[in-house]
Amino acid sequence: MNGPTGSARLDASIKVGYTRPRFRYVIWALTALSIVCLVYFGTKNAGSYAGYDAGSLYQPQSYVDTWYTETFGDASGMTDDELNEYLGGMRNKNLPGVIFGVVGLVASLGIAYLAGEGWVRNVGLAAATLEHTQPAREFFSAAYANDSAYQAADRLDKGSSLGLGQYAVLAMCLPDADNGLPGSTIDADGVAETRRDLDNIYGKTYLALEGLKLSAEGHVEPLLGAVSVTLPSLGARATSPATSAAPTQTSAHWFCPKCGTQIPDTANFCPKCGTARERRQTN
């Protein structure tokens, strides 16, 4: 599947991470807190010393000696370099808050990227695949339509391709799907591939922001015991093969081309007139 690359892919994944996952508000909160720290601690006035204003980290104040203070000194007894160094130390007390803001902002963008990339690689790809795979699309569409509990908890547009894609991804991580889903034409290898795609930093971050994690067996389960998550429920569909119209059964019999008498399968000639046999199809 073709898609954006480079910086465009990075931007797209970050946007998805901020808008799609269930617990995207964690990223929003971390981003907001980081910005508040950057603004507050970066602009906070550090106070003054001996009448000299220290300013803030973003707008520091510095001083140089005049002819008088260079010759006679001032009330603080410091040179300009000593005074500026002291005021800088006062401002640096706000530095941890700014560092926290920088780290938090980078972390929030990084988490958004990882979660968004995990979403694109799994849910987005599954949605695109289902669009071109009719048996699987029909299987998961029917399962979703009958899964009222999941529908009630689904945050995506009901019946959307992305919603169905996420339903399919999570369904293939259920214990019922370990041996494949016969009704969807997805075998055990296909299920294992989906689980492998989730078992990396992108997939795990995406699942974590959905309140989920992968078990050692490759099954999705709640990330924390206190988190309530509604998973797909396939029921009997997980083991029932796809149904289709039964083909018309035909049988082959040998008939005499001359008199029409049916000839036994073990005979090569008509027992009535001796003519060589020929095959006719009967329903």
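Only this structure's heavy atoms are used, side chains among them; waters, hydrogens and symmetry mates stay out. All residue numbers in this chain count up from 1 along the given sequence.
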*Asks:* Salt bridge or not between D197 and R121? Use side-chain N to carboxylate O under 4.0 Å.
*Replies:*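 No, no charged N to carboxylate O under 4.0 Å.
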*Asks:* For L214 and C173, which heavy atoms make the closest approach, and how far apart are they?
*Replies:*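 Smallest interatomic distance, heavy atoms only, reads CD2-SG, 4.3 Å.
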*Asks:* Kindly give the heavy-atom pair with the smallest separation between F23 and A208, and that separation in Å.
*Replies:*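 Looking at all heavy atoms of both residues, the shortest contact is CD1-O, 4.4 Å.
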*Asks:* In terms of hydrophobic clusters joined by side-chain contacts under 4.5 Å, are Y25 and L114 together?
*Replies:* yes
*Asks:* Let me confirm one number: the CG-CG distance from D65 to D81, rounded to the nearest 0.5 Å.
*Replies:* 8.0 Å
*Asks:* Can you tell if the side chain of Y150 reaches within under 4.5 Å of the side chain of Q166, non-hydrogen atoms only?
*Replies:*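 Side-chain contact under 4.5 Å: yes.
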*Asks:* List the residues meeting side-chain contact (heavy atoms from CB on, under 4.5 Å) with Y63, not counting sequence neighbours, and say none if there are none.
*Replies:* Y52, D53, Q61, L83, N84, L87
*Asks:* So which atom in L130 and which in R137 form the shortest heavy-atom distance, rounded to 0.1 Å?
*Replies:*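 Distance-wise, the nearest heavy atoms are O-NH1, 2.9 Å.
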*Asks:* Taking A136's backbone N and O only, do any of them form a donor-acceptor pair with T133's side chain (distance below 3.5 Å, no angle check)?
*Replies:*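 Such a contact is absent between T133 side chain and A136 backbone.
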*Asks:* Take R195 and D178 through the salt bridge (Lys or Arg N to Asp or Glu O under 4.0 Å) test and state the conclusion after the steps.
*Replies:* CA-CA 10 Å; R195 295 176 180 182; D178 285 350; 2.8 Å; yes
*Asks:* Let's go through V120 and Y206 carefully: what are the C-alpha distance in whole Å and the side-chain angles of both, what is the deciding distance for side-chain contact (heavy atoms from CB on, under 4.5 Å) to 0.1 Å, and is it a yes or a no?
*Replies:* CA-CA 10 Å; V120 172; Y206 149 63; over 6 Å; no
*Asks:* Using 4.0 Å as the upper bound for N to carboxylate O, is an ion pair formed by R9 and E117?
*Replies:*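 Salt bridge: yes.
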*Asks:* Which value, rounded to the nearest 0.5 Å, describes the distance between E221 atom CD and L207 atom CG?
*Replies:*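 E221 atom CD to L207 atom CG measures 10.5 Å (nearest 0.5 Å).
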*Asks:* Would the number of heavy atoms belonging to other residues, nucleotides or ligands and lying under 6.0 Å from CD of E82 be above 12?
*Replies:*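 Yes, CD of E82 has more than 12 neighbouring heavy atoms, counting only those of other groups under 6.0 Å.
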*Asks:* I need the W119 CH2 to S13 OG distance, nearest 0.5 Å.
*Replies:* 12.5 Å
*Asks:* Count the heavy atoms belonging to other residues, nucleotides or ligands that lie under 6.0 Å from CG of D199, then report whether that count exceeds 12.
*Replies:* yes
*Asks:* I'd like to know if the side chain of S108 and the backbone of L105 have a donor-acceptor N/O pair within less than 3.5 Å.
*Replies:* yes
*Asks:* Would L164 and S141 satisfy side-chain contact (heavy atoms from CB on, under 4.5 Å), going step by step from the backbone distance to the final call?
*Replies:* CA-CA 7 Å; L164 194 61; S141 294; 3.3 Å; yes
*Asks:* Identify the heavy atoms of A46 and A54 that sit nearest to each other, and give their distance.
*Replies:*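 Taking every non-hydrogen atom into account, CB-CB, 4.0 Å.
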*Asks:* Is it the case that atom OH in Y58 sees more than 12 heavy atoms from other parts of the structure closer than 6.0 Å?
*Replies:*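 Counting neighbours around OH of Y58, more than 12 heavy atoms of other residues, nucleotides or ligands fall under 6.0 Å, so yes.
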*Asks:* For T194 and V169, which heavy atoms make the closest approach, and how far apart are they?
*Replies:*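 Nearest pair, atom of T194 first, then V169: CG2-O, 4.3 Å.
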*Asks:* Kindly compute the distance separating CG (L10) from NZ (K15), expressed to the nearest 0.5 Å.
*Replies:*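 Nearest 0.5 Å value for the CG-NZ distance: 10.5 Å.
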*Asks:* Determine, stepwise, if the pair V220 / K213 fulfils side-chain contact (heavy atoms from CB on, under 4.5 Å).
*Replies:* CA-CA 6 Å; V220 287; K213 64 179 180 180; over 6 Å; no
*Asks:* Count I, L, V, M, F, W, Y as connected when their side-chain heavy atoms are under 4.5 Å apart, and connections chain through other members. Are F41 and V102 then in the same cluster?
*Replies:* yes
*Asks:* Any idea how Y49 and Y86 line up, ring-wise: parallel (<30°), tilted (30 to 60°), or perpendicular (>60°)?
*Replies:* tilted
*Asks:* Does I14 belong to the same Ile/Leu/Val/Met/Phe/Trp/Tyr cluster as W28, with side-chain heavy atoms less than 4.5 Å apart forming each link?
*Replies:* yes
*Asks:* Are side-chain N/O atoms of D147 and Y167 paired as donor and acceptor at under 3.5 Å?
*Replies:* yes
*Asks:* Hey, could you give me the CZ/CD distance between R24 and E210, rounded to the nearest 0.5 Å?
*Replies:*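 Answer for the CZ-CD pair, R24 versus E210, is 9.0 Å.
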*Asks:* Report yes or no: do T31 and Y18 form a side-chain donor-acceptor pair below 3.5 Å?
*Replies:* yes
*Asks:* Indicate yes or no: at least one non-hydrogen side-chain atom of L209 is less than 4.5 angstrom from one of I111.
*Replies:* yes
*Asks:* Quick one: name the residues clustered hydrophobically with L33, using the 4.5 Å side-chain heavy-atom rule over I, L, V, M, F, W, Y, and just say none if it's on its own.
*Replies:*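 Result for L33 is F100.
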*Asks:* I'd like to check V98 versus L57 (side-chain heavy atoms, cut-off strictly below 4.5 Å). Are they in contact?
*Replies:* yes
*Asks:* To the nearest 0.5 Å, what is the distance between OG (S233) and CG (L174)?
*Replies:* 8.0 Å
*Asks:* Apply side-chain contact (heavy atoms from CB on, under 4.5 Å) to L170 and L212, showing your working.
*Replies:* CA-CA 10 Å; L170 297 180; L212 298 167; 3.8 Å; yes
*Asks:* What heavy-atom pair brings S161 and A127 nearest, and what distance separates the two atoms?
*Replies:*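 Taking S161 first and A127 second, the nearest heavy atoms are O-CB, 3.3 Å.
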*Asks:* Verify, without hydrogens or angle tests, whether R20 (side chain) and G17 (backbone) share a donor-acceptor contact under 3.5 angstrom.
*Replies:*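 The answer is no, because no donor-acceptor pair under 3.5 Å joins these two groups.
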*Asks:* Would a hydrophobic clustering, with Ile, Leu, Val, Met, Phe, Trp and Tyr connected at side-chain separations under 4.5 Å, put L95 with V103?
*Replies:*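 Yes: a chain of side-chain contacts under 4.5 Å links L95 to V103.
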